[in-house]
Amino acid sequence: MSKNLLFLGTRKGLVIYKKSTSSWDYHSSHFPGIPVTLAYADENTKTWWACLDHGHWGIKLHKSTDQGNNWEELQAPKYQEGLEIKEGVPATNKYIWAITNGGKSNPDKLFIGTIPGGLFSSSDYGKSFELNEALWNHPSRKEHWFGGGFDHPGIHSIVIDPRDNDHFYIGISCAGVFETTDNGKSWTVRNDGLRADFLPDPFAEVGHDPHLLLACPTHPDVMWQQNHCGIFRSINGGKNWKNVSQKKGPANFGFTIAVHEQNPEQAWVIPGISDVIRTPIDQSLVVCRTDDGGKSWIEQRNGLPQETSFDIVYRHGLDITGNTLAFGTTTGNLFISEDLGDHWNCINHFLPMVHSVHFVEG
Amino acid sequence: MATVNFTYALKRFYPDLNTIEIEATDVNTVVQAIDQTYPGIKDYLLDDQGSLRKHVNIFVDGTLITDRKTLLDQLKPESEVYIMQALSGG
């Protein structure tokens, strides 16, 4: 069954679009006025999840088992009393930055990545959560993890190996990529080949800033990341990373990345100028696609604004299904392409700031 | 008995929320008691470590509480407690 719904986690609620025979149309909205940081549908259980950030009232977690007709609030993961981010700074859940199921072999499992850097797992599908202590107690955490964009470090990427669900990766801003092969009992740092130009030692073991980490679903050893310091690719499950950014060209700084489901050579990024000027280059919005594993990049501008654009796309703001890509921007534009990015259509100019974009089977 | 009043903003999440009277000598007891009546409301008011959330204010007899960490501000037998939200955002 095709993914004919599009979830948009926005600053003013969850907005859903639905594909008809010839167009994507507004379908429904949920949690009006409340920031939805992530909206996710679990392919295994068909359960919908929404991560809310009320501001005043804290972060909340909701689920729906009837396609959004009713939502149930569950207790969001909490840091136990006494835990500290660092000396004298109490640990509280500031933000849910990643949510995913535990793979096909673990239908009751749910993972949640948070700011300030805790990975939570649930073995009863959200009724209760447990902090991953091996990661929280990792010797690098207190000294070498730090915030990037937020005050504290956060887990924004969780990549489960479809061949072995005890094997997974997380991406932390700022710390880098961590891998476990024993269901989270132990963790290995996987930052070899990355560079962090914002550190005194750009090749430090820990302290890198992968903005988003992905693996090709059908070739899970091929991994990609849009990093603060460029675009990196690994062909050996993160053991080594190669910088595949353009030396001269736009494909360099950005937040998001998408990878083709079947083709591990094909990926998309949506660049900005740089970390110090976070706007499109020349105020022209461009998507860059590589078809050869990052050796070369083509610019895809057809249908995108080429003047006075201030759109930036956050890390979870781009998704792909088949040949269809969608992205939502910080200025409330939603663009969809049905041909791998060759042509784009603007579906809505007037959305709130878009935090996340996610194709869903309806 | 202390009288506890709530900001209208919380009615969105707890439609049955109304002013209630509670036997309590400090603010922490008030919060624990209202969580019994309105399960989960504590998580709207306090963070993971039990501190009052940054944008939530509690007034006792017109005065903002001072102990935002352990909520041990004292109540009088007939105290008026107001649980309010800060005005912020956009």
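Side-chain atoms are counted along with the backbone in the values below, which use heavy atoms only and exclude waters and symmetry mates. Note on naming: letters A, B, ... go to the chains in the order of the sequence lines (proteins, then strands), and numbering restarts at 1 for each one.
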Problem set entry | Close aromatic pair by centroid cut-off 6.0 Å: A:His54 and B:Phe13 | yes
For this session: Please say whether more than 12 non-hydrogen atoms of neighbouring residues, nucleotides or ligands are located less than 6.0 Å from NZ in A:Lys46.
Result: yes
For this session: Can you establish whether the number of heavy atoms outside B:Glu21 located under 6.0 Å from its atom CD is more than 12?
Result: yes
Exercise. With no hydrogens and no angle check, is any side-chain donor or acceptor of A:Lys78 less than 3.5 Å from a backbone partner on B:Gln49?
Worked result: no
For this session: Evaluate whether atom CD of A:Glu133 has more than 12 neighbouring non-hydrogen atoms of other residues, nucleotides or ligands under 6.0 angstrom away.
Result: no
Problem set entry | Other residues, nucleotides, ligands: >12 heavy atoms within 6.0 Å of A:Tyr314 OH | no
For this session: With rounding to the nearest 0.5 Å, note down the distance linking CG in B:Asp48 to CD in A:Glu81.
Result: 9.5 Å
Problem set entry | A:His56/B:Tyr44 under side chain to side chain contact (heavy atoms under 4.5 Å, CB included): CA gap, chis, key distance, verdict | CA-CA 8 Å; A:His56 294 79; B:Tyr44 280 73; over 6 Å; no
For this session: Please flag which part of A:Lys94 lies under 4.5 Å from any non-hydrogen atom of chain B: side chain, backbone, both or neither.
Result: neither
Seminar exercise, completed: Against chain A, residues from residues 24-42 of chain B with at least one heavy atom under 4.5 Å, in numeric order, are none
Exercise. Within the distance-only criterion (no hydrogens, no angle test), does the side chain of B:Asp47 pair as donor or acceptor with the backbone N or O of A:Thr92 below 3.5 angstrom?
Worked result: no
For this session: Assess whether atom NZ of B:Lys11 is packed by more than 12 heavy atoms of other residues, nucleotides or ligands within 6.0 Å.
Result: yes
For this session: Can you tell which part of A:Glu73 gets under 4.5 Å to a heavy atom of chain B, answering side chain, backbone, both or neither?
Result: side chain
For this session: Report the distance from atom CZ of B:Arg12 to atom CH2 of A:Trp57, rounding to the nearest 0.5 Å.
Result: 12.0 Å
